[in-house]
Each structure stands twice: as structure tokens, then as C-alpha cells.
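Report on the following structure.
Below, read A as the first sequence line, B as the second, and so on, with proteins coming before strands; counting in each chain starts at 1. Note that these values count all heavy atoms, side chains included, but never hydrogens, waters or copies made by symmetry. Computed from a predicted model, the values in this text were never measured in an experiment.
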Amino acid sequence: MSDEKREPLPNPAHIPEKLLKPYDPTETEPRIYKLWEESGFFNPDICVEKGITAPNAKPFTIIMPPPNVTGILHMGHADMIALEDVMIRYHRMKGDRTLWIPGTDHAAIATQSVVEKEILKKEDKSRHDLGREAFLERVHAFAKQSHDTIVSQVKVMGASCDWSREAFTLDNMRSLAVRTMFKKMYDDGLIYRGTRIVNWDPKGQTTIADDEIVYEERTARMYTFRYGKDENGELFPIAISTTRPETKVGDTAVAVHPSDERYTQYVGKTYKIPDFCGVPLTIKIVADEAVEKDFGTGALGVTPAHSMADWDIAERHNLPKIQVINEFAKLTIGDERIINKKSTVAREVIVEWLRAEGLLEKEEDIKQNISTAERTGGIIEPLPKLQWFINVNKAIPGREKNGKPQTLKDIMREPLADGKIKIIPDHFDKTYFHWIDNLRDWCISRQIWYGHRIPVWYKNAGTPNEEIFTGIEAPSENTNNVWTQDEDTLDTWFSSGLWSFSTLGWPEKTPDLATYHPTDVLETGYEILFFWVARMIMMTGYALDTIPFHTVYLHGTVRAADGRKMSKSLGNGINPLDVARDYGADAGRMALMVGASPGLDTKISYDKIKGYKNFANKLWNIARFVIHYTGADLITKPAELSTKDAILLAESDTLFAEITKEIEEYRFHLASEKLYAYVWHNFADIIIEESKPILGGNDTGAHASRAWLLQELLRRSLIGLHPFMPHITEELWSLIPKESDNLLIVTKWFSTEISKS
RNA sequence: GCGCGAUUAGCUCAGUUGGUAGAGCAACCCAUUUACACUGGGAAGGUCGCAGGUUCGAGUCCUGCAUCGCGCACCA
């Protein structure tokens, strides 16, 4: 049959006006989002109220990783929202009691430093010029504005999250959770205050956690030398190597390996050096396993106060720990040559002195990893400081498993070891365990102002009569201001660690907590596996004796088309708002989904996005065709389908069953690709093309069968695509013939649909 | 140093339990008042990083190596 024999086109009067034009996402998407918001279906309580969800339906919960209130959303956020929205919409359509809680993160250091930079740039003032209260007002104003921008962007992406439950890591409820947790851990002896070597960021003027350090490889000059002559005029017997000669004024020992015969004769002896560039030193020779025989001279100058490893050696051998560098990275010891000088300046002075004294034996360039602060780029200066820590190795009072006391480390390790929590992709397990094995106590205090202030108060601070009060609220008998609160704030990840249950109302015993916790999936980027995922597992295990979620889905980094990270300075960034404006959020979501395997980085380009904009238009035209040729009214299923149509229907049964399985098993890249391939290259290119002669022909039986099939396949395509491309599918759903008037967002997924037909 | 990942068509990547290599984009040929040019049809394109091994059969499993990327540790 050829095209010429087709009957004249039916009058297109029954085709909705807007279907006659190409699909316009810019007009459609915001309107559809508003429609959903007004329907209330983002809130599971309303779904139950309106009879969409059974009251006893299985809950499905995702807590959104809260974007930092430091600016605007990037493609990584868009990816996160797209993935989570796919899961959420799928489960909602399946009939689960589905909850997705949105929120934002105060991101203490990150936000504070953005505002500090802005104030410095615009007003040439530091936070100290403004004072704590005035400065915090500025930060709050910035955070508020940033929050509003972020919320509007999340909405543009089509996120079907429950805004009535929105949370902020620094709001009143979360603050109560933080203080409650601090007190609980303090009372259990898991939080303690102590002097330890911390990672001090001289630029940010605060401590940072081990995992906030970024290592940069640089070439450094290593000097090999001897300290000088002892009081008897004898040259110190052992040469040592260092890249930081200025710290050597704080040395109290030289450590050698116990089995190193070169130095055995000296172990145990103490040498007094009256003049090391003006500073008297007392050096004990100790034997310690931590020393590597083959590095440098095999002897390590021990500087307890300015090196983690040396601090540990000093602890083991009971050595004095002399701090010689302060918070501004300046020397605090010596004569006018070095005192109050920057460490880099003092280094030159000491090297010159060594050279002049004939003590310098060797200089060489070595590759060195230098520690820098993630947020400020400052070079980390290890310093001993009085800080608050969480002890990860202490037995938790009253907590035992198999007769053995449990530590916080155990709580982090066990759910993964037992398979109660599954990471996708699973090879991240190994990284996770490795991290836990190397974990040290977590330094949780920060010398910044923006954040949760440490809920500890002191009376007679700094005196022998000092009293400490830790509480959820300030001490009540504070009429004369005898109690002063700790100046420091908590590491932002402390509040993030509570996120999976603080968002559900903890420490109150709320119905939400009972219904939706443990949550189901945590979807996030692999780069915060330790920062965040491990801490949530720890905090939840400790506070609730359960897991925060059963599945961790890790997505990769969204990169620019050139494979590099997107950045402002490179100018290779893609802004989700521009994507939504020019191509539609649906197209952007599909582009992020197709071909993005879990845990692997993915590249995105306007070319790719454009492909899915074309796909949206294809879907639009499929709907136009089907309505055009089969009418705007619902066709009832014929008693008997043509043989061919029965096969096509069965094929689609199989396909949608496969897609359901792919979604269930977190293979969104395959689900989306299969949908795309089917709708375009099967439904449109083959089935619709074949239908033209049938619909124009004289075989009324075949015509009726095919007309019904086309409408049915269109409905199925929209249902299947809805989690991925929610706006256009919802819009088309409103225009096509169907049995129920329900919005697509709450239309039943295939399990029931397919078995019915 | 330890660990993880990647290596498949020109480019970007799929390929879930081993069974004749797939898609999108680009390039090539053809079509053009067709639901749609935000289009359709066609053809072309691959020793699946290298070397071994297991197997009737390996892109897929095992061993080793190489290159790239990442994490951790060291960083005197």
C-alpha cells in the first residue's frame, strides 16, 4: 500500500491547539511544576489523604544531600536531583509512600570564607573589624539569599520533593539535634577536649579535619646537617635531614630505627647543644619503629609540636613538646634573627647560619606532597592546640556486640561488612574500609564564627578553678554572666552527620521518624563518601542503633566535554538554568542520565543535551500523530487484536518489564537509553510508519486494532518516561485519551497496567 | 609504597549470569509540501590496551604488564 491511497487527513479540529506547534519547554515546564505543587502530591501525607497511596503502603524515603548555601547550583547538583527524582517518581507511581526531603547546608567554613572575601573586597574589612554579631548578620543574609536561589533552581529541575518538610543544617530543629547529640556523646565520654596536633590553616585561622586537606606535589629543598657542637665542643654525632630547618629549634630528640646498627651506640644518650642559631637544644637519641632506615640519613630530628608523626614519637618516649611556631606561621623562639619571623624567612636565616657554621652537609631537591587547606588554599601548619575531638576508638558505654564492646569505628564498619548497607558500585567498599582503618580521632572544633556554637560553658576559665558545663541549653544560673560559652563552632560535617534523622524530627520521637527511618537510598557523589556517608552511618548507629539507609548510590563527577572539571576560570561550565531555558530541564535530565554509569565520571555537552531536546520534540509529534489519526477519544480495546499488534503489545510488555528491572537495580543509564531507543526507533520509526497504510486502509478490524494499540503504546511511553522527563510527559498526559483524569505523577506504574491489558 | 577505576568504531560511551561486537554524535550516500528537518532511509566504520592462562567457546573469568585518572599513606 502506498501513501497516495491514504484517505484525506481527518479534520485536525480535535487536535489540541498547542500540539500543532513544536514543543516549547520554556513555557511548559514552570507551568507543570506549579500544577504539581498545587496538587500537593509531593507530600506523601496528601497522597494518602487523596486516596492515591494506601495508608499502609511501604515507605520509600530519600533525604536530599543539602547543597551548600555558597552560591548557585551546578551540573553536579542537577545530576543529583535528576537521579533522585527518577527514583522518587518511580516509587510514587508504584504506589509507595514516597518522601523526598529537600534542604540546604550552612557549610560553615565555605560560606564564611565566601562572605569574608566579599567584605574584604568591597569594604576592605575583616570579620574582626565587624565583630562576631555584625559579621554573622552578614553571613545569614548571604545564606538566606543563596538559599532562595538554590530552591528556585531545584524547582526548575523538576524535583518532586516535599517542600513542606524542608530543612536547613543550621535551623532551630537541626540546632537542637546537634546540641542533643553533642551532650550525649560528651556524657558517654566520646567527645573530649585535649591538646593535640591539629591541622592549622594560617590563612583561614582555623583548624581543619584530616579529610579537608588537599595534597599538592611540589619540589622542596631538603637539607642534611648536624645541630652543632655540644657543651664539650664535640660535634653532634648524627646528621639529620629536613625540608623545614626553621622547625628544628623545637627539636627535642633524634629518632633512629631500633635495628639500625649505625646508631645503636648513641641510643639513650642526651646531648646539650648550647647554640643552634641562638637557641639552646637538648636532644635525646631514641629508638623508634616509625623511622625508616633508608630515608635520608636514617635519623629523624623529632619536632614534637609541629609534626603528627613526631608528636606520636614524643608521646611514646615521654619527650618534651616545645611549640616554636604560632597561629600566624611565625617563629615564637630565638633571638632577633628569627623570632617573630615568618617560617619561610626563618628557614633562610637558619640555612645561612648552618652554612656559615659548616654544619650543612648536603642540599637536594625532592618531590614532596604539601598539605593545603581545601577551602582557603593555605599551607597547613601542624600545631598543638586545645581542641574538641570525637574518640573513634573508645568503647561506647552500654554498647556491646557478640560480647565485645563497640567503638564508633565498629559502628561505621559493621553495616557494610554485614551487608546491611550496600554501596553502588560495590568496589567503593574497599576504599571505605581502608579509610576507616586509617581513621584518627575527629577534630570537631573550628575557630570560625558561622556554624553551631559548641554547647559548652566555662566558669573561671583558664584558672585552676575552671568549671565546665555541657548542656543542650545554657546553664540556668547565669545571672551574673559567670558562665561564658566556648568561642568555637562545630565542624559543618557534625550537623551533616545527623542529616538522615535530624530532618525527620530527631531528637523528638516524631511520626515521620517512625515511618520513614531508616531511609532507603542515599544518592551522592563519591567524593564525600568519607566526609559524609561514613559520618551518617556513625551518628545514626550511635544515636538510633540502626542504619541511616540501606543503599548508597554514588554518582560520578559531571565534567565538561573536554573531560576537565567545569570551572569558572576555564569557562567550560554549563549552567543548569541555561540548559533549562534553552533546551528544557527534561532534555538536561536525560542527557545526564543516558550513558552515565554509577560511580563513573560523565561528560556533558550542549550537543548531547540538544539530542534530547530533539527527542522531546519527537515525543511531542508522536502524540500529535496518534491523536490526529486515532482521534481525541479513548478507544476501547478490541476483543481481538491483529496478530501483528498482539506481538507488538507483548514486545512492549517485555520492554517495560525490563525497564522496571533496570530502575529497581539502579541502572538508570540503561533504563533511560532503552526508553529512548524504543520510543524513537521502534515506536516512531517502525510502528508508526507501518501504521500509516493500516489507518488509511479499508480493513476495519486491522484499523481498530492498530488505533487502540497506538493509543496504548503512547500511554505506556509517557508512563515509562515520566520519571526521566517529567514535564513533557505530564503535559502530554493532559492532552491524550486515557481512562482516568489523574495527573501522570500519580498514575500507576506498569506492574498493574500491563497485566490488565 | 598500598588500593580503586578506566582502556571497545574518528569522538562520547553501553555491553548485568562467558555464547556471532552495540548506541548516540561526527563523517558518507539517498530522500524531501511526510506527525516531525528538532526529519526519514541506507551503507561504512572495531585483532574490544598488550602478553599469557582457564574453557568447546573470553570484551566478559584468572595472572602479569603498560598508559591515563582517582583515593589513601609517606612527606625527616
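For A:T252 and A:K284, the side-chain atoms include no donor-acceptor pair closer than 3.5 Å. Inspection of the A:S259 and A:K293 side chains reveals an N or O donor paired with an N or O acceptor under 3.5 Å.
Between the CZ atom of A:R667 and the C1' atom of B:C13 there is a distance of 17 Å, rounded to whole Å. Rounded to whole Å, the distance from OH on A:Y215 to C1' on B:G69 is 19 Å. Taking atom CZ of A:F433 as the reference point, atom P of B:G71 lies 21 Å away to the nearest angstrom. Rounded to whole angstrom, the span from the NZ atom of A:K608 across to the C1' atom of B:A14 amounts to 11 Å. As rounded to whole Å, 16 Å separates atom P of B:C36 from atom CZ of A:F683. Between A:E364 atom CD and B:C75 atom C1' the separation is 13 Å, expressed in whole Å. Rounded to a whole Å, the CD atom of A:E689 is 11 Å from the P atom of B:G42. Separating the NZ atom of A:K610 from the C1' atom of B:C38 is a distance of 7 Å, rounded to the nearest angstrom.
Put simply, the side chain of A:I627 reaches to within 4.5 Å of the side chain of A:H14, judged on heavy atoms.
Here B:G40 is the nucleotide among B:C38, B:A73, B:G40 with the atom lying nearest to any side-chain atom of A:D685. Closest to the A:N614 side chain, of the nucleotides B:C72, B:C38, B:A35, is B:C38. Checking B:U12, B:U16, B:A35 against every side-chain atom of A:I688, the shortest atom distance belongs to B:A35. Of the listed nucleotides (B:C74, B:C4, B:G15), B:G15 has the atom at the smallest distance from the side chain of A:L670. You'll find that the side chain of A:F530 is closest to B:G71, out of B:G71, B:A14, B:A35. Listed candidates were B:A35, B:C75, B:G5. Nearest to the side chain of A:R624 is B:A35. Listed nucleotides: B:C13, B:C75, B:U16. Nearest to the side chain of A:A309: B:C75. Comparing B:U12, B:A35, B:U16 by their nearest atom to the side chain of A:F625 picks out B:A35. Side-chain atoms of A:H427 lie closest to B:C4 of the nucleotides B:A73, B:C4, B:A35. Checking B:C38, B:C75, B:C72 against every side-chain atom of A:P22, the shortest atom distance belongs to B:C38.
Ring geometry, A:Y612 versus A:F615: the interplanar angle exceeds 60°, so the pair is classed perpendicular (tilted spans 30 to 60°). Aromatic ring orientation, A:Y227 versus A:F225: perpendicular (interplanar angle above 60°, classes split at 30° and 60°). Taking the six-membered ring where the residue is Trp, A:W532 and A:W493 present tilted rings, their angle falling between 30° and 60°. Ring geometry, A:Y23 versus A:W620: the interplanar angle falls from 30° to 60°, so the pair is classed tilted.
Residue-level contact check: A:K613 touches the bases, meaning some heavy atom is under 4.0 Å from a base atom. Nucleic acid contact class of A:E662 (heavy atoms, under 4.0 Å, all strands): base. Among the heavy atoms of the strands, none lies under 4.0 Å from A:A561. Here A:S605 lies out of heavy-atom contact (under 4.0 Å) with every strand. Nucleic acid contact for A:T297: none, since no nucleic acid atom lies under 4.0 Å from a heavy atom of the residue.
Residue A:F428 is the one, among A:F428 and A:I622, whose nearest nucleotide of RNA chain B lies closer to the 5' end (criterion: closest heavy atom). Positionally, the nearest nucleotide of RNA chain B for A:K603 lies more toward the 5' end than for the other of A:K603 and A:K293.
Taking the C1' atoms as reference points, B:U12 lies 28 Å from B:U17, given to the whole Å. Across the P atoms, B:C61 and B:G18 are found 9 Å apart, a figure rounded to whole Å. Taking atom P in both B:U47 and B:A9, the straight-line distance is 9 Å, to the nearest Å. Taking the P atom of each, B:A14 and B:G57 are spaced 29 Å apart, rounded to whole Å. Distance noted for atom P between B:A35 and B:G40: 13 Å (whole Å). Straight-line distance between the C1' atoms of B:G52 and B:G19: roughly 23 Å, to the nearest whole Å. Taking the C1' atom of each, B:A21 and B:G46 are spaced 8 Å apart, rounded to whole Å. Nucleotides B:C70 and B:C38 are separated by 38 Å at their C1' atoms, to the nearest Å.
A salt bridge links A:R581 to A:D578: at least one charged side-chain nitrogen sits closer than 4.0 Å to a carboxylate oxygen. Taking 4.0 Å as the cut-off between side-chain N and carboxylate O, A:E381 and A:R244 count as a salt-bridged pair.
Exactly one residue among A:I380, A:I208, A:N199 makes a side-chain contact (heavy atoms from CB on, under 4.5 Å) with A:S371. That residue is A:I380.
A donor and an acceptor atom sit less than 3.5 Å apart, one in the side chain of A:K618 and one in the base of B:C36.
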Secondary-structure notation, RNA chain B, from Watson-Crick and G-U pairs under 3.5 angstrom (| other strand): (((((((..((((.....[..))))..((((.......))))......(((((..]....))))))))))))....
At a cut-off of 3.5 Å, list every protein nitrogen or oxygen paired with a nitrogen or oxygen from nucleotides 20-25 of chain B, distance to 0.1 Å.
unit_1 : atom_1 : unit_2 : atom_2 : d
B:G24  : OP1    : A:H681 : NE2    : 3.4

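With ring centers used as reference points, A:Y553 lies under 6.0 Å from A:F668.
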For residues 587-594 of chain A, which side-chain donor-acceptor pairs fall under 3.5 Å, sequence neighbours excluded?
unit_1 : atom_1 : unit_2 : atom_2 : d
A:R589 : NE     : A:F724 : O      : 3.1
A:R589 : NH1    : A:D85  : OD2    : 2.8
A:R589 : NH1    : A:M157 : O      : 2.9
A:R589 : NH2    : A:D85  : OD2    : 3.0
A:R589 : NH2    : A:P723 : O      : 2.8

